[in-house]
Each structure stands twice: as structure tokens, then as C-alpha cells.
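For reference, the structure is listed below as C-alpha cells.
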There are 6 protein chains.
Amino acid sequence: MTTTETGRALSEALNPGMEAALEARYGHLVPGLAEGIVDFAYGRQYARPGLSLRDRYLATIAALAALGGQTRPQLKVNIAAGRKAGLTRQEIGEVIWQMSLYGGFPSAINALNAALEVFDEEGAEDV
Amino acid sequence: MTTTETGRALSEALNPGMEAALEARYGHLVPGLAEGIVDFAYGRQYARPGLSLRDRYLATIAALAALGGQTRPQLKVNIAAGRKAGLTRQEIGEVIWQMSLYGGFPSAINALNAALEVFDEEGAEDV
Amino acid sequence: MTTTETGRALSEALNPGMEAALEARYGHLVPGLAEGIVDFAYGRQYARPGLSLRDRYLATIAALAALGGQTRPQLKVNIAAGRKAGLTRQEIGEVIWQMSLYGGFPSAINALNAALEVFDEEGAEDV
Amino acid sequence: MTTTETGRALSEALNPGMEAALEARYGHLVPGLAEGIVDFAYGRQYARPGLSLRDRYLATIAALAALGGQTRPQLKVNIAAGRKAGLTRQEIGEVIWQMSLYGGFPSAINALNAALEVFDEEGAEDV
Amino acid sequence: MTTTETGRALSEALNPGMEAALEARYGHLVPGLAEGIVDFAYGRQYARPGLSLRDRYLATIAALAALGGQTRPQLKVNIAAGRKAGLTRQEIGEVIWQMSLYGGFPSAINALNAALEVFDEEGAEDV
Amino acid sequence: MTTTETGRALSEALNPGMEAALEARYGHLVPGLAEGIVDFAYGRQYARPGLSLRDRYLATIAALAALGGQTRPQLKVNIAAGRKAGLTRQEIGEVIWQMSLYGGFPSAINALNAALEVFDEEGAEDV
């Protein structure tokens, strides 16, 4: 399998229809953007061996929380995907709160708010 | 145990002498800084249940790599501590490279260079 | 008094009910977060001697303005708290505008907009 | 001509009424802000020889896209101004997508969304 | 007095020879840079009424500490200038440590190191 | 040609030996990193139609200057590459100075220093 095919398989498993949605939204302006994301972000990054998918989402949530609220939509997408990859709500809460040490308290609080929104959309569950 | 005591126990286990070193270096200027770090960063963050120490270092390495080279000394300290907490060289390489997606390629390359320096100081080992 | 007690006294004086609100919103996900903020941010930072509360808010407003719009909610909270700690509207306008030198013009303009919103909510006053 | 006069001429050509709008909104709080922007940003920066106005907007769009969504309003203003200075939609799409390498994928996607909003407001045109 | 003249007077009082040094270093590449800094940063910012010079340096040190080590040379220059404008070592230590809340602990520690270097260069003094 | 082949051709034309150097340095830790950069950064970004290589380097220099000194090594590499792609020293000086508006004055000055180092290494030339 090429990295594009590997990435597409993973992308469709995690976010069905994402490539088509990217193509529909951005393809007329930036041809190849959707395939580039599938190939690089999924095929050459998330699909790599050496680190579990669950760990990769943990790392991504940590990074986006530390970088601050400017990537809130992507933070929410990755929190939701991390949940599917096995992260508990508690683990997500913990890692975000820990980021107060690196990205500051305001960014951590903003990221917790994003997480609470994702959890609300998931419906009831014991944390 | 108070959070300060819990933090001190963990801090000494991970970085023996760190609190005293902080006190010696910064205590005359900012009294209480060393205890504040021990209490908050170790006692109220790294010592928390809900996320393993290994996962906490994975998250911290991810965040510092994404934030860029401005925290290079701390990145190296955390990579070394993460190794002691069970992260493999491969896992550290993977998580940093993944951060190219969030903090950009230059930051990821800089962080890999920091990791290689830590690994060199560790001495020979199969990755 | 412990740092937690000192922090709680200051926190309640500045933002009555904040600790309870943090606990209610985040406590089920991150137990201890509210106390951690009270202890570290208020007890071990804002309550410290060596710099007046008014100066501390001036510094915080400067930092959040320079860091950019990603912490807008916290910027507004700190502008409002800084007003209570004695900062004039003019001083707040000045310090934000000065931050155009360090965080760029767009961030400064965004921060001025946040300040204007706080001042509007305060009601009429001569600047 | 002074730099203020040069800046005013360019500012009015690019964004008619901007100085007056800045003065009306911020002048009571920060006297001189509007003239400062006209003099420094327009008179001493954008009006300089040595780099075309089209290139200057290309650079600004790149920078704001890489810095992340925190300057979204300014990004949109500069995309609109860049269009008037001769940048095609395709060039703007290209430069933003390229910034995924430096500011990360989330920032690039957010910036593309800002660009699409500007293009929608422009009305129909072949990219 | 024009803003350039006001800025020049303040710049020479605070940093004698700075404008000439900027001109010598950058003027052949970016003509007008030195005057632009004198006019905008000094004449239109630091020389403004409404906030004392001491407070302006406090704010700048806070912002540069929160933004992280990438501006270390400028942070040191501003700490030294802030000292001349009346800030005590303790106040500078306090404001930097407070920035751990907003820019994270690594940036705060790095900034404290920069401050200690400035104080060392000053020679002995009781904090 | 695949995107990898296209990227490799461009990469070798611009930076002969870069892929091999990346492989030698990072390949044992992160297998595939070198090919990933060649494919994504060169094949799927810099080699794209729609924006000239000269414009792409202008944008990259702008972004790295605005992001601050944390990517100084990459900034220097891109300034050198931008020179080969047709950017004049003056244009590079202009675009960096312009970034004082977006990334702040300290970052712009740091980036100018990086540019001067590159120009010094190039040897004598009239700006």
C-alpha cells in the first residue's frame, strides 16, 4: 500500500467522509489539499508504527491545548477522535490541566471548556 | 501527605536535588519559587492519579516540541525524565515528528535535534 | 495561614464565588483544579509581597495582550479585576497599545476591543 | 511629504475612511493611535520602496496565517486588501496552504476558512 | 516637538547611541529603520503620557517573559532599562515569576535566568 | 512523476544532498522522515503551480520572521534559498522589517540579524 492508501484507510476509519469533505470545501482553491492531508497527516504520521493511536491523540490534545485557543475547532475534533481511540474523559481532563504548566492557565481553561463541549455532545457518561 | 510533600517525594525521585538547586539559584530573588514548583508542578500535577507518569511526559514532550525551540532546555530535561519514566527513544522520536503537523516543521526538526542530544548523552542503545 | 488560605482570601475579595464556580464547572473532571488555582495563582502569586496588586494586573494585561486574542475571555476578566485594583482606563489603554511593539498590531487592536467591551459593561465614566 | 502624509495617502487609497474609523473607535482612549498606525504601518512600512504592495500583502497574509487564528479579523482585512493589490485567489490559497509547514495544519485550515469567507463576500469569480 | 524629536530625546536619555547603532547596523539594508524605531517605539509609545516609564518597562518585561525565550536579547535590554527607570530587582523577579501563569513555567524560568544575567552584570546589590 | 519524485527533483535542485543528510541524521530514529519532507514540503508544497518559487520563499521568510527567533536555523536556510530563487537583499530586508507589525519589533530585529549573517556568508554585494 502507498502512504496515501494507508492514510485513506485510517482517515476513513477515524473520520468517515473527511477527505471528500476537504475536497469539496477546499479543492477548487487548493487542488490536492485533501490528498495531501490524507497522505501526510494520516499515512505518514498517524498510521506510523512506534506509537499507538491512543498515544498520538494524547500528544495532539496536549499540543493544541498548550498552543492556545486559536485551534479550538481542531482541538475539539481531536478530543472526539481521541475518545474513539480509547482515551477516557479523565485522561483528557488530566492532560489538558497539566498543560497549564506549559501553555499557561488561560489556555488550559479554554481547552477544558472545549473538552466539556465535546463530552456534552457525547451524552451522559460517568467520568 | 500535603501536596507539597507528595510533590517533593516525586520531585526527588525524578530529579534528585532539583528543589535545592532551584532554591539556591532563584530563592534570593523570588522566595518560595522552589516550593511553588514542587507543590504545583509535582504535587498538584505530575503526582495526580488519572494519567500515568509515562503519559504525562509524552504529553509534555509533545507540547514543548509544538511550542518551538524557545523552551529547549526544558524540552531536554523532560525528554531525559520521560526516558526514566519508560518512554522509548522511538516513541519520543515519533511524537516529536508528529508535532510537525501542529507546530510546524522547523519546530519539529529543532526538537528532534534536542532529543538526539539527550540520547547522545545517554550513551549507546539500540533505538 | 497556608498559601491556600491566603489565596482563598484574596480570590474571594477579588472574584467572590470564583472557587466555587471553578469547582462546579471543572471539579468532576479534574478534582482539585479549583483549589490548585486558588493556591498557586492567588496564594503563591497574586498575594505575594514585592509587587502591588495594581502592578500585577498591569503586567497580566500586558502579557495577555501581547500573547494575542487566544485568551480573550481571561483578558477581559483581568482588565475588570485590574480596574478594581486601581488601574485607570487610560492606563489600560496605554499598556495595551504599547504591546503593539511586542505582540504586533493585530493583537493590540484585538485587546483594545476587549478593553472597550469591559469599559462598556462598566457604564459611563470619563476616561 | 512627511511619512504621516505618505501613509495617509496610501491608507485612504487602500482603506478609505480607516483613519477616521480608528480615531472614532479608539481615539478617546488612546489619543494618537490612529495617526500612529497611519504613520508607522502605512507611511513607514507599506509605502516603502523596495518591495511591491502586492508582495507586502503576500507576506502579511503568510505571517498572519502562520501565527494562527488569533488575528482572524486582521487576516480577513489583509486578504481583501491583497486582492485589491493584485493577488489572485489562487495565490492566496497557495500561500496559506504552504503555511501548514510553518504554523501547522490547524492554523492553515483556519486561514483558508477566513479566505473563503472573503472570497464569498467578493461574489462570484473563477479562481 | 515632533514625535521623532520626542522619541530621540527619550531614546538618547535611556540608551545613548542606540539610534546611531541601529543606523550603522541596519541602515544600509533597511533605510529609515532607526528613525522608525525612534519615532514609533520611543516617540509614539514610551514617551506617551498616561503611564509612567517605570510601568511601561514593567509591562514590557512581563510581555517578553510571557512570549518566551525567543526575544531573550530584547528582554535583557528591557530589564536593564527598567532598572534605570526605577524597577527593583525584586519587582522584576516577581513579575517574571508571575508570568508562569500566562506563558508557562519554562518561559518564566528562562526569563529569570536572563534577569539574573543582567543583575550579575550590574554588580553587587542587595535584592 | 509522483509527488515524491517531483519533490526530490526540486529538493536536489535547491539543496543538493539535503534528503540524504536528513536520512543520515534522523532516519535511524524516525524512518521515513526524509522522504516525508521531500514528498510533502517539496513535492506537495514548494513544487506546486500557482505561486512562484520566489514568492514562496518570500512568504516563508515573512512567516518565520513573524513567528520569532525560535526557528532561526530554518530562517537562515530559507533566506539563503530565497536568494537563489531571486529575492534581492533589499526585498528580504523589507519583508522582515515589515513583520515588526505582526510579530513585534524584537522578532523583526532578530530576523534581520539572521539575514545579515546570511549576507555576510554570501560575501560582498551591493544591496
Side-chain angles (χ1 to χ4, degrees), chain A residues 1-11 18-53 55-60 62-71 74 99 101-104 107, chain F residues 1-11 18-53 55-60 62-71 74 99 101-104 107:
Chain A
M1 279 176 98
T2 65
T3 51
T4 304
E5 289 164 342
T6 303
R8 185 168 291 134
L10 180 58
S11 160
M18 186 204 71
E19 183 180 5
L22 288 171
E23 181 63 31
R25 181 158 175 80
Y26 305 111
H28 67 291
L29 184 64
V30 188
L33 177 150
E35 190 192 281
I37 289 177
V38 164
D39 178 83
F40 187 71
Y42 288 86
R44 293 179 190 267
Q45 290 281 8
Y46 278 79
R48 291 177 64 88
L51 195 67
S52 72
L53 201 58
D55 283 355
R56 291 189 182 278
Y57 279 110
L58 184 73
T60 295
L64 294 183
L67 288 168
Q70 67 193 63
T71 54
Q74 290 80 14
M99 290 305 108
L101 294 169
Y102 305 106
S107 294
Chain F
M1 276 176 103
T2 64
T3 51
T4 305
E5 289 165 341
T6 304
R8 185 168 290 132
L10 180 58
S11 160
M18 186 204 70
E19 184 180 5
L22 288 171
E23 181 62 31
R25 183 159 174 77
Y26 304 110
H28 67 291
L29 184 64
V30 188
L33 177 150
E35 190 191 281
I37 289 177
V38 164
D39 178 83
F40 187 71
Y42 288 85
R44 292 180 190 267
Q45 290 280 8
Y46 278 80
R48 291 176 64 89
L51 195 67
S52 72
L53 201 57
D55 283 354
R56 290 189 182 279
Y57 278 110
L58 183 74
T60 295
L64 294 182
L67 286 168
Q70 65 193 65
T71 54
Q74 290 80 16
M99 290 304 109
L101 294 170
Y102 305 107
S107 294

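Note that these values count all heavy atoms, side chains included, but never hydrogens, waters or copies made by symmetry. In what follows, chains are A, B, ... by sequence order, proteins preceding strands, each numbered from 1.
Residue T2(A) does not touch chain F at all, counting heavy-atom pairs closer than 4.5 Å. With a 4.5 angstrom heavy-atom cutoff, Q45(A) does not touch chain F via any of its atoms.
A donor-acceptor contact shorter than 3.5 Å is absent between the side chain of R44(A) and the backbone of I37(F).
With chain F as partner, the option from V30(A), T3(A), L33(A) having the largest number of non-hydrogen pairs under 4.5 angstrom is V30(A).
E19(F) meets the salt bridge (Lys or Arg N to Asp or Glu O under 4.0 Å) test with R8(F); sequence neighbours excluded.
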